[in-house]
Amino acid sequence: MEALAIEVKGVSAHYGAGRRRVEALKDVSVEVRRGEIFGLLGPNGAGKTTLLSCIEGLHRLDRGSICVAGIDVLHNSRPAKRKLGVQLQSTALMEGLTALELLKAYAALYEVYPTRAALMALLARFGLAEQAHKRAKQMSGGQQQRLALAIALVTDPQIVLLDEPTSALDPHARRALWEMIHAIHEEGRTIIITTHNMDEAESLCSRVAIMDAGRIVACDTPSQLIASTGARPVLRAAIELPPDDVQPLAGAVQMRRAGEYLEVETVDPTATLQSLYELAARHSRAVRDIVVRQPNLEAGLNLPEE
Ligand SMILES: Nc1ncnc2c1ncn2[C@@H]1O[C@H](COP(=O)(O)OP(=O)(O)O)[C@@H](O)[C@H]1O
Ligand SMILES: [Mg+2]
């Protein structure tokens with residue numbers, strides 16, 4: 001079986017013409033392996049949605065090629081599309097239809113005709129059994145996002161594309177959606193998810209491509225991406241010391257005072273903490289409120305501004 005779920009090679013794509021022309025993708029290459037949860041991370045306008053549209057065969061390429069499960073999207077768009085389930089950004093659900101009717105309509109687009117029982121089971125799986133006869137516009141934001149997920153799955157696709165599925169959700173609804181995404185993944189499906197939330201990319205994805213201005217600027221596992229930023233853990237503790245009496249602590253790379261708090265960027269949090277205790281003991285002071293923050297994808301923000 002094909003080892004790559006998606007293979008994007010040297011893809012460029014644009015919108016508009018003349019002075020309005022926007023180069024939305026510039027020579028983008030990326031490979032998504034079967035069984036991954038792969039993240040496309042980047043600010044608004046980076047080109048994430050355009051890349052998904054190209055993979056779906058909905059947007060013309062100026063250059064390059066795309067294969068879905070080994071099938072060329074340009075030359076074989078129907079069988080390639082059959083491999084994909086798509087959750088659109090901004091959940092553009094046809095508002096006049098009920099949840100059940102929407103599922104049926106999307107399945108029919110792919111010439112799939114699930115039984116009513118199968119559709120009800122799908123809705124129930126996403127906590128929407130009660131909503132079967134409600135229209136999308138009568139549903140909450142979280143329910144609409146879950147309905148969009150159900151729609152993405154109605155054709156039982158191998159590969160699921162999710163375009164910012166959790167934007168505009170509150171933290172609780174976001175976590176619930178993450179769990180559903182994990183469950184979909186555990187069924188053996190490959191997932192590609194776009195987000196501008198680093199935290200989300202880090203918690204969900206096995207690998208992440210960082211996009212900016214139409215290009216992929218980095219692609220790796222979250223932990224490798226974090227390592228490559230050179231960011232280090234930060235130890236923060238409250239200790240009252242005379243301002244001029246903070247000697248370098250073991251392992252410390254950078255130290256700063258923030259009121260009664262001492263913040264230490266360190267290569268060795270344990271050694272730093274040990275020498276902090278020794279320093280405190282010499283001054284007969286207590287150390288309180290100790291926190292060690294590991295660096296994350298938002299590593300640039302690791303030493304918070306005061
Ligand atoms: N329908 C469109 N018409 C013209 N420009 C567009 C259109 N959609 C997107 N763009 C432009 O293409 C670039 C990439 O957009 P998009 O793929 O939507 O980024 P993202 O999904 O990362 O926010 C941006 O500069 C955006 O303004
Ligand atoms: Mg987008």
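Counting starts at 1 for both ligands and their atoms, in listed order.
Donor-acceptor pairing under 3.5 Å is recorded for the side chains of T194 and D163. A side-chain donor from one of Q145 and Q87 sits under 3.5 Å from a side-chain acceptor of the other.
Distances from atom 16 (P) of ligand 1 to the heavy atoms of D163, T50, T194 show the closest one on T50. Of the candidates A13, G47, P43, it is G47 that places a heavy atom closest to atom 19 (O) of ligand 1.
The distance criterion of under 3.5 Å between nitrogen or oxygen atoms is met by G45 with respect to ligand 1. Residue V22 places no N or O, backbone or side chain, under 3.5 Å from any N or O of ligand 1.
With salt bridges taken as basic N to acidic carboxylate O contacts below 4.0 Å, none links E56 and K81.
Metal site remark for the Mg ion (ligand 2): T49 contributes an N, O or S atom at a distance under 2.8 Å.
With ligand atoms numbered from 1 in the order given, ligand 1 contributes 19 (O), 20 (P), 22 (O) to contacts under 4.0 Å with heavy atoms of A46.
Taken from CD1 in I290 to CG in L235, the straight-line distance is 7.0 Å, to the nearest 0.5 Å.
Looking at heavy atoms from C-beta onward, T272 lies out of side-chain contact with V292 at the 4.5 angstrom threshold.
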